[in-house]
Amino acid sequence: MPANRLLLILGAICAVTAVSLPASADTAATVAARSDFFHGLGKSFKGLREELKAPSPDLTLVRKYTGDLAAAAPKLPAQFPAGSGPQPGVKTEAKAEIWSDAAKFQQAAGALNTAAQALNTTAQGSDIAAIRTATGNLGQTCKTCHMSFRQENH
Ligand code: HEC
């Protein structure tokens, strides 16, 4: 058999193996770390919203949450390295569009970061109404991204 023919066959075998192999331990670890990341984000956001329901929210607590959100937001894109999308053996709600429509995903991540920094800046003051509005704006950026890039539109 000519060498180039053999290479073609070998290539085809490798391609098939690559799709049918279960996810690597690395991918599983990446997805688990991503889940932790979002749980942290979710917890801070929920805590903040709860505190803002109080007639006189505790601003020290509010600022702790907004500081955590502002610190976490820029780390979102790094949670989605190439190859960590939906595949056999991986439990993830990440949609393939994160990578196939990367510009739109980056834009959604950028919107989160902008809103999180604005919220944290606003929270350094004591205008509760303004902090509530900035929190609502941040919440919109979570929703917008989930609608396009997370399974089941949570
Ligand atoms: C740029 C896109 C994007 C933004 C912005 C975003 N998320 Fe998500 N979020 C995702 C994706 C994608 C997943 C699914 C990740 C997975 O399952 O691997 C997710 C998952 C989650 C989860 C579930 C984690 C789990 O493993 O069960 C929570 C909670 C969450 N996000 C909260 C938030 C909150 C709160 C905000 C806003 C403060 C937010 N997200 C902003 C894309 C985003």
Side-chain angles (χ1 to χ4, degrees), residues 15-154:
V16 169
T17 319
V19 242
S20 60
L21 271 181
S24 73
D26 270 7
T27 306
T30 301
V31 172
R34 182 158 75 211
S35 181
D36 287 351
F37 171 85
F38 279 113
H39 279 134
L41 202 67
K43 241 176 129 177
S44 300
F45 188 61
K46 192 167 173 233
L48 174 64
R49 287 211 321 196
E50 289 296 315
E51 190 54 35
L52 287 174
K53 282 182 190 159
S56 328
D58 174 351
L59 277 172
T60 306
L61 194 55
V62 163
R63 287 172 191 143
K64 188 199 171 312
Y65 289 131
T66 64
D68 287 350
L69 289 162
K75 297 179 185 155
L76 189 148
Q79 310 301 317
F80 295 90
S84 65
Q87 57 197 282
V90 174
K91 210 172 152 248
T92 176
E93 294 180 345
K95 285 192 184 173
E97 283 79 0
I98 291 169
W99 296 274
S100 65
D101 198 352
K104 189 177 167 195
F105 183 74
Q106 292 301 328
Q107 199 179 35
L112 170 86
N113 190 31
T114 303
Q117 305 312 324
L119 166 62
N120 194 33
T121 303
T122 304
Q124 303 315 307
S126 336
D127 183 343
I128 301 295
I131 298 171
R132 287 193 179 114
T133 301
T135 301
N137 292 343
L138 178 67
Q140 273 309 318
T141 69
C142 313
K143 273 197 196 137
T144 302
C145 187
H146 290 171
M147 297 251 290
S148 300
F149 297 108
R150 185 180 172 193
Q151 303 285 345
E152 293 166 22
N153 293 346
H154 291 270

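As the structure lists them, so they are numbered: ligands from 1, and atoms in each ligand from 1.
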Novice: Under 4.0 Å, heavy-atom basis, I'd like to know which part of Thr92 is in contact with ligand 1: side chain, backbone, both or neither.
Specialist: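 The answer is both, backbone and side chain.
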
Novice: Is it the side chain (CB and beyond), the backbone, both or neither of Ile98 that lies under 4.0 Å from ligand 1, heavy atoms counted?
Specialist: side chain

Novice: Rounded to the nearest 0.5 Å, what separates atom CZ in Arg63 from atom CD1 in Ile131?
Specialist: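 Rounded to the nearest 0.5 Å, the CZ-CD1 separation comes to 6.5 Å.
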
Novice: As an exercise, identify every atom of ligand 1 less than 4.0 angstrom from a heavy atom of Cys145.
Specialist: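 Within the 4.0 Å cut-off of Cys145, ligand 1 contributes 1 (C), 2 (C), 3 (C), 4 (C), 5 (C), 42 (C), 43 (C).
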
Novice: Should you measure from each heavy atom of Phe149, which atoms of ligand 1 turn up under 4.0 Å away?
Specialist: 12 (C)

Novice: Identify, by atom number and element, the atoms of ligand 1 in contact range of Ser35, meaning under 4.0 Å from any of its heavy atoms.
Specialist: 25 (C), 26 (O)

Novice: Heavy-atom contacts under 4.0 Å between Glu93 and ligand 1: side chain, backbone, both, or neither?
Specialist: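 For Glu93, the contact with ligand 1 is made by both the backbone and the side chain.
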
Novice: Looking only at the side chains, is there a donor atom on one of Thr30 and Thr27 sitting less than 3.5 Å from an acceptor on the other?
Specialist: no

Novice: Nearest protein heavy-atom contact for atom 29 (C) of ligand 1: which residue, which atom, what distance?
Specialist: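 Going atom by atom, the protein heavy atom closest to atom 29 (C) of ligand 1 ends up being Phe38 O, 3.7 Å.
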
Novice: Check ligand 1 against Ala109 and write out every atom of the ligand that is under 4.0 Å from a heavy-atom position of the residue.
Specialist: 1 (C)

Novice: For a distance under 2.8 Å, tell me if Cys142 has an N/O/S atom near atom 8 (Fe) of ligand 1.
Specialist: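 So Cys142 does not count as coordinating atom 8 (Fe) of ligand 1.
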
Novice: Give a yes/no verdict on whether any heavy atom in Thr144 is under 4.0 Å from an atom of ligand 1.
Specialist: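 For ligand 1, residue contact (heavy atoms, under 4.0 Å) with Thr144 is absent.
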
Novice: Is there a nitrogen or oxygen of Thr141 sitting under 3.5 Å from a nitrogen or oxygen of ligand 1?
Specialist: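 Looking only at distances, the answer is no, because the N/O contact criterion of under 3.5 Å is not met.
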
Novice: For Leu76, take its heavy atoms, then give the atoms of ligand 1 lying under 4.0 Å from any of them.
Specialist: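 So the atoms of ligand 1 that pass are 1 (C), 3 (C), 4 (C), 6 (C).
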
Novice: Donor-acceptor pair, Gln140 side chain versus Gly136 backbone, under 3.5 Å?
Specialist: no

Novice: Just to be sure I read this right, does ligand 1 sit under 4.0 Å from the backbone of His146, its side chain, both, or neither, counting only heavy atoms?
Specialist: side chain

Novice: Can you confirm whether Leu52 sits close enough to Val62 that some side-chain heavy atom of one is under 4.5 Å from a side-chain heavy atom of the other?
Specialist: yes

Novice: Show the atoms of ligand 1 that are less than 4.0 angstrom away from any heavy atom in Phe105.
Specialist: 1 (C), 2 (C)

Novice: Nearest 0.5 Å please: distance from the NZ atom of Lys143 over to the CG atom of Leu138.
Specialist: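 The distance works out to 11.5 Å.
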
Novice: Are side-chain heavy atoms of Glu97 and Phe105 found at a separation under 4.5 Å?
Specialist: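 Heavy-atom side-chain distance check fails, nothing below 4.5 Å.
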
Novice: Could you tell me whether a side-chain N or O of Trp99 sits under 3.5 Å from a main-chain N or O of Ser84, the two making a donor and an acceptor?
Specialist: no

Novice: Do Lys91 and Val31 come close enough that some side-chain heavy atom pair is under 4.5 Å?
Specialist: no

Novice: What residue and heavy atom of the protein are closest to atom 15 (C) of ligand 1, and at what distance?
Specialist: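 Result: Arg34 NE, 3.9 Å.
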
Novice: Check whether any side-chain N or O of Glu51 sits under 3.5 Å from a backbone N or O of Asp58 as a donor-acceptor pair, and report yes or no.
Specialist: yes

Novice: Within the structure provided, determine whether Thr135 and Leu119 are in side-chain contact (heavy-atom separation under 4.5 Å).
Specialist: yes

Novice: On a heavy-atom basis, which atom in Gln79 and which in Ala33 lie closest, and how many Å separate them?
Specialist: OE1-O, 4.1 Å

Novice: Please list the nearest protein heavy atom to atom 19 (C) of ligand 1 with its residue and the distance rounded to 0.1 Å.
Specialist: Arg150 CD, 3.6 Å

Novice: How does His39 reach ligand 1, if at all, at less than 4.0 Å between non-hydrogen atoms: by side chain, backbone, both, or neither?
Specialist: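 Answer for His39: side chain.
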
Novice: For ligand 1, which atoms, with element, lie under 4.0 Å from some heavy atom of Leu112?
Specialist: 5 (C), 37 (C), 38 (C)

Novice: I want to check something: taking the side chain as every heavy atom from C-beta on, are Pro77 and Gln106 in contact at a cut-off of under 4.5 Å?
Specialist: yes

Novice: Just which atoms of ligand 1 are under 4.0 Å from any heavy atom in Phe80?
Specialist: 11 (C), 12 (C)

